[in-house]
Structures are given as C-alpha cells and as structure tokens.
Amino acid sequence: MADTSIGTPEQLRDPNYTPALHKAVPLGIQHVLAMFVSNVTPAIIVAGAAGFGFGSDAGAQGFPDMTYLIQMSMLFAGIATLFQTIGMGPVGARLPIVQGTSFAFIPIMIPLVAGKGVEALPALFGGVLIGGLFHSLLGSVIGKIRFALPPLVTGLVVTMIGLALVKVGIQYAAGGVPAIGKPEYGSLLNWSVALVVIFVTLGLKFFARGMLSVSAVVIGIIVGYFYAMAMGMVTFDGIATSWERAAPFAFPVPFKYGIEMSFAAIVGFCLMAFVSAVETVGDVSGITKGGAGREATDKEITGATYADGIGSAVAGIFGGFPNTSFSQNVGLIAMTGVMSRHVVTIGGLFLIVCGLVPKVGAVIRTIPIEVLGGGVIVMFGMVVAAGISMLSDVNWNRRNMVIFAISLSVGLGLQLDPLAVQYLPDTLRILMTSGLLPAALIAIVLNLILPEELAAEATQAVSGGLTGHGRGSLSGSHKPGSYQAE
C-alpha cells in the first residue's frame with residue numbers, strides 16, 4: 001500500500017516527483033537490493049563456465065577477472081538505469097525503471113566461453129556490443145514486430161531460459177563444476193548450505209511482508225553466508241585477504257579484453273535482443289499501470305528500448321554484459337506506490353558507486369558457491385515459472401500445442417545433448433546448442449506460416465491419447481483466422 005507520508009496520491013503517481021531525501025535514499029536502495037544478486041550472478045556463471053571462476057587456478061590470484069566482471073555488472077547496471085530515469089534525447093523512458101544484467105543471454109554466453117578462459121571474452125564482448133546496437137535499433141520498430149512475438153513465443157523462450165539454467169543451480173548447490181567427480185561434490189555439508197538459503201528465502205517470501213519479502217533472496221544468501229562461516233567454509237582470514245587484494249577505487253578499462261567479431265556471438269545476441277525488447281515493453285507497461293494507473297505511451301516504450309540497447313552496447317566496450325529492465329521492480333513500485341524516477345536514480349547512483357569500488361566485488365567473491373547455488377535455484381526456478389505464466393495467456397488450441405511441442409522438443413533436446421550436432425560448423429553448432437535460438441526460430445516461423453487449425457484426431461494421434469484440460473479451443477470451434485497465438 002502506498003505510504004502517503006511520502007507525498008500526496010497525485011505526487012506518488014508522478015514520475016517527476018522527488019520525495020524528501022531522507023525517504024528517497026532508502027527507497028532507492030530498496031530497488032537495488034531487489035535485484036542485486038540477480039545482477040551479479042551472470043558474471044559469476046560466465047566466469048565459472050569459462051574456467052576462471054570458483055574452483056579454478058585463478059583463485060590463487062583472488063579471481064581478478066571474475067571480480068572485474070562483477071564490478072562491471074554493478075557499474076553498468078547503474079549507468080543503464082540512469083539512461084532510463086534521466087534520459088538523453090530520445091534515449092530513456094524517464095520512468096522508474098531499474099536496469100540489470102539479463103539472464104536471457106546466459107544460455108548464449110555459456111557455449112561461447114565454455115572452457116576457453118579469458119581468451120573467449122573478446123568474441124563475447126564483440127557480440128554484446130553489436131547486439132546492443134541492434135537492440136537499440138529495435139526501439140524504432142518494436143511496435144511493428146510485436147506481432148511476431150506473441151506469448152506462445154516469448155513464454156516458450158523464457159521457459160527455455162529457465163530450463164537451461166536450473167542445471168547450473170543444482171551444480172552450484174552440490175559444490176560447483178570443478179568439484180564434479182570429487183568426494184565432496186554433492187556432500188551433505190554442501191547441500192545443507194544451499195538448503196538454508198532456500199528455506200530462508202521461501203520463509204520470507206511467504207510469511208514476511210514489504211521489503212523483507214522483496215529482498216528474500218539477498219537475505220537468504222546473507223544468512224547462508226553466515227551459516228557457511230559457522231561451518232568453516234568461509235574464514236575471516238579469507239575475507240581479509242580478498243579485501244586487501246582489491247583496490248579501494250578503480251575506473252573501468254575500455255576494451256580490457258579486446259573486441260572480436262564472431263558471427264556466432266553477433267547472431268546469438270541480436271536474436272536474443274528481440275526477446276529482451278519485448279520483455280522491456282511488458283515491464284514499462286507494468287510500471288505505468290501499477291504506479292500511475294495508465295497505459296505506457298509509444299514514446300516511453302521506444303525510449304526504454306533505446307536505453308536497453310545503448311546501455312548494453314556501452315557495457316560491452318568496458319567488459320559488461322547485456323542489460324535489460326528488471327521485472328522485480330515492477331512489483332516493488334506497485335507495493336510502495338512511489339512512481340518517482342528520481343528515487344530509482346538514487347538506486348542507480350548507488351550501483352555506480354559499488355561498481356567503482358572493487359572491494360565490493362571482493363566481498364561478493366568470498367561467497368561460497370554452495371550459498372550462491374541455493375539462491376540461483378530459487379531465481380532460475382522463478383524464470384521457468386515466469387515463462388509458464390506467460391504461456392497461460394496462450395489460446396491452447398491444437399495448432400499452438402503442436403508449435404510448442406516441436407519447438408520445445410528441438411530446443412530442449414539440443415540443450416540436453418549438444419553432441420548431436422558436433423559435426424556442424426562451429427558457428428552453427430554454438431547457436432544450435434544454446435537451444436533457445438532454434439526453439440524461438442521454429443516457434444516464430446511456424447506461428448507465422450501455419451494458418452489452419454488441426455483436427456482433433458491429428459493431435460490425439462501424436463500425443464498417445466493424452467490431452468490437456470487448460471484454457472483453449474480444443475473443441476475445434478474456432479473460426480478460420482482466429483487461432484493465432486494470443
């Protein structure tokens with residue numbers, strides 16, 4: 001419920017209203033806490049997949065490259081947030097939109113860097129840069145291409161993103177990829193740490209209210225961190241060493257890892273930009289409806305998409321990952337009732353300060369991977385749930401069921417068994433084994449070219465006699481032309 005002590009109802013609905021500073025600062029930091037763990041997690045996952053993260057030889061040097069990626073995640077989430085809240089010409093929605101590193105691109109990034117170390121980063125950041133520029137161009141046409149990305153497609157892709165990531169969560173909870181094959185992998189101690197995080201997170205989500213509920217994951221990780229410390233998995237000496245090794249202040253380095261134009265990376269990031277752009281449209285609409293009780297304007301949607309892309313492109317130059325609007329903050333605005341973009345600007349400035357102080361990243365890197373595993377199990381499971389929620393808006397006639405079936409089978413199958421396409425050229429193999437891109441492409445193409453409803457027996461014949469009982473038109477009563485995916 002909106003706190004009227006912050007301002008009148010009219011002021012709270014005004015994006016240009018600025019609450020008193022002593023109230024605006026904690027409100028802004030709330031927005032950061034709601035997305036903090038989600039924002040730095042992709043950097044940790046990519047570093048681990050590349051081989052210079054937890055459990056690697058880089059540990060002897062204090063994981064310098066992983067720390068830098070964490071630092072850039074915070075810094076450019078803050079900068080991209082300012083693009084949205086303050087704006088710059090046509091760039092930015094000038095709404096309380098918090099930007100952060102997108103989970104959507106992780107299944108694209110992992111095949112690009114898998115086991116290749118820092119040598120894989122130039123191609124990765126080349127893809128981030130070009131993909132970001134392409135993403136910004138979508139701002140001019142986003143309204144015209146949304147027809148090609150109905151809930152059937154976006155829900156499928158988001159579900160696939162979550163399914164690709166849940167394995168990472170389990171591996172982290174069990175001890176991390178480097179521990180696979182060792183006696184400690186999957187030990188009761190490792191799982192007890194992850195389960196503490198999960199139980200605390202669930203308890204706060206279901207039984208707490210307000211900011212405690214919104215920040216459940218970050219609080220769960222803090223409790224898990226202290227539990228791991230009690231179990232001897234984290235020591236004060238280790239924390240002190242990590243703290244001392246990190247500089248008190250550091251500017252980002254342009255082209256620190258270089259830039260390389262990889263066709264696979266560019267295609268992958270550009271295609272995923274479509275999905276990210278549609279997600280941003282939904283977030284902007286959710287913010288204006290929840291905070292101001294109105295629909296988003298075309299100018300706001302276009303500006304938000306521009307900011308998404310420009311923020312990602314700039315991040316790629318300095319070693320950051322693609323940014324997108326964070327949906328958690330839609331719910332936070334609805335909860336507080338404060339629509340002020342200046343409140344979120346304060347949160348963005350807080351992120352920038354964190355990104356310029358490597359000691360923050362040094363503390364984050366001391367978090368045991370099992371603690372992070374408990375957090376990401378919840379987060380990645382929620383990604384799957386979000387995809388299923390999107391799919392609930394689909395009209396489940398037989399046509400859409402078949403489109404979904406073929407897309408999911410191919411996409412998930414290639415994720416589960418990447419060796420099935422081992423003889424394809426490297427570029428095509430990387431794109432195919434992401435699973436996301438083939439699934440999305442199949443769903444988009446079939447949705448556009450299949451105009452006819454299927455007869456009842458046509459579905460029964462390939463589903464072993466099984467049928468669903470959800471909302472849809474399985475009675476076949478739809479008229480021709482009325483069964484496009486909603």
Side-chain angles (χ1 to χ4, degrees), residues 41-53 65-66 68-70 72-73 76-77 80 100-138 157 160-161 164-165 168 252-279 305 308-324 411 414-415 418 421-441 444:
T41 297
I44 297 171
I45 292 174
V46 170
F52 55 82
D65 293 300
M66 182 175 75
Y68 182 80
L69 296 183
I70 292 172
M72 293 304 100
S73 295
F76 286 99
T101 308
S102 174
F103 281 166
F105 294 85
I106 297 178
I108 304 297
M109 294 191 282
I110 288 176
L112 286 169
V113 304
K116 298 176 183 176
V118 293
E119 291 77 16
L121 295 182
L124 178 68
F125 293 126
V128 175
L129 172 60
I130 302 302
L133 293 174
F134 176 77
H135 191 154
S136 66
L137 294 176
L138 293 177
V157 171
M160 289 285 297
I161 291 168
L165 296 175
V168 174
V253 180
F255 305 111
K256 177 178 173 67
Y257 299 103
I259 290 285
E260 178 184 319
M261 294 302 150
S262 160
F263 182 74
I266 290 171
V267 171
F269 281 101
C270 286
L271 290 177
M272 284 310 301
F274 280 101
V275 178
S276 183
V278 171
E279 178 190 1
T305 308
D308 256 16
I310 297 297
S312 296
V314 174
I317 293 173
F318 292 92
F321 296 134
N323 276 277
T324 191
L414 289 173
Q415 277 185 1
V421 289
Q422 62 178 317
Y423 295 113
L424 289 176
D426 285 348
T427 295
L428 192 56
R429 177 179 53 78
I430 290 171
L431 295 175
M432 293 292 284
T433 54
S434 72
L436 281 177
L437 298 179
L441 189 61
I444 290 170

Once you round to the nearest 0.5 Å, how far does CE of Met272 lie from CG of Leu437? 7.0 Å
Short question: side chain of Tyr68, backbone of Gly319 - any donor-acceptor pair under 3.5 Å? no
For Ser312 and Val128 the tightest heavy-atom approach is O-CG1, 3.4 Å
Which atom pair, heavy atoms only, marks the closest approach of Ala43 to Ile70? CB-N, 3.9 Å
By side chain to side chain contact (heavy atoms under 4.5 Å, CB included), Glu260 pairs with (sequence neighbours left out) Pro122, Ala123
Evaluation steps, side chain to side chain contact (heavy atoms under 4.5 Å, CB included), between Lys256 and Met72: CA-CA 11 Å; Lys256 177 178 173 67; Met72 293 304 100; over 6 Å; no
Minimum heavy-atom distance Ala47-Met66, with the two atoms named: CB-CG, 3.7 Å
Gly316 to Ile259 - nearest heavy-atom pair and separation: O-CD1, 4.1 Å
Hey, can you pull the donor-acceptor pairs under 3.5 Å for the side chains in residues 101-110, sequence neighbours left out?
unit_1: Thr101; atom_1: OG1; unit_2: Asn39; atom_2: O; d: 3.3
unit_1: Thr101; atom_1: OG1; unit_2: Asn39; atom_2: OD1; d: 3.1
unit_1: Ser102; atom_1: OG; unit_2: Ala104; atom_2: N; d: 3.1

How long is the span from the NE2 atom in His135 to the CZ atom in Phe274, to the nearest 0.5 Å? 10.0 Å
For Phe321 together with Phe269, are the ring centres under 6.0 Å from each other? no
Val421 and Met432 have their tightest heavy-atom pair at CG2-CB, 4.4 Å
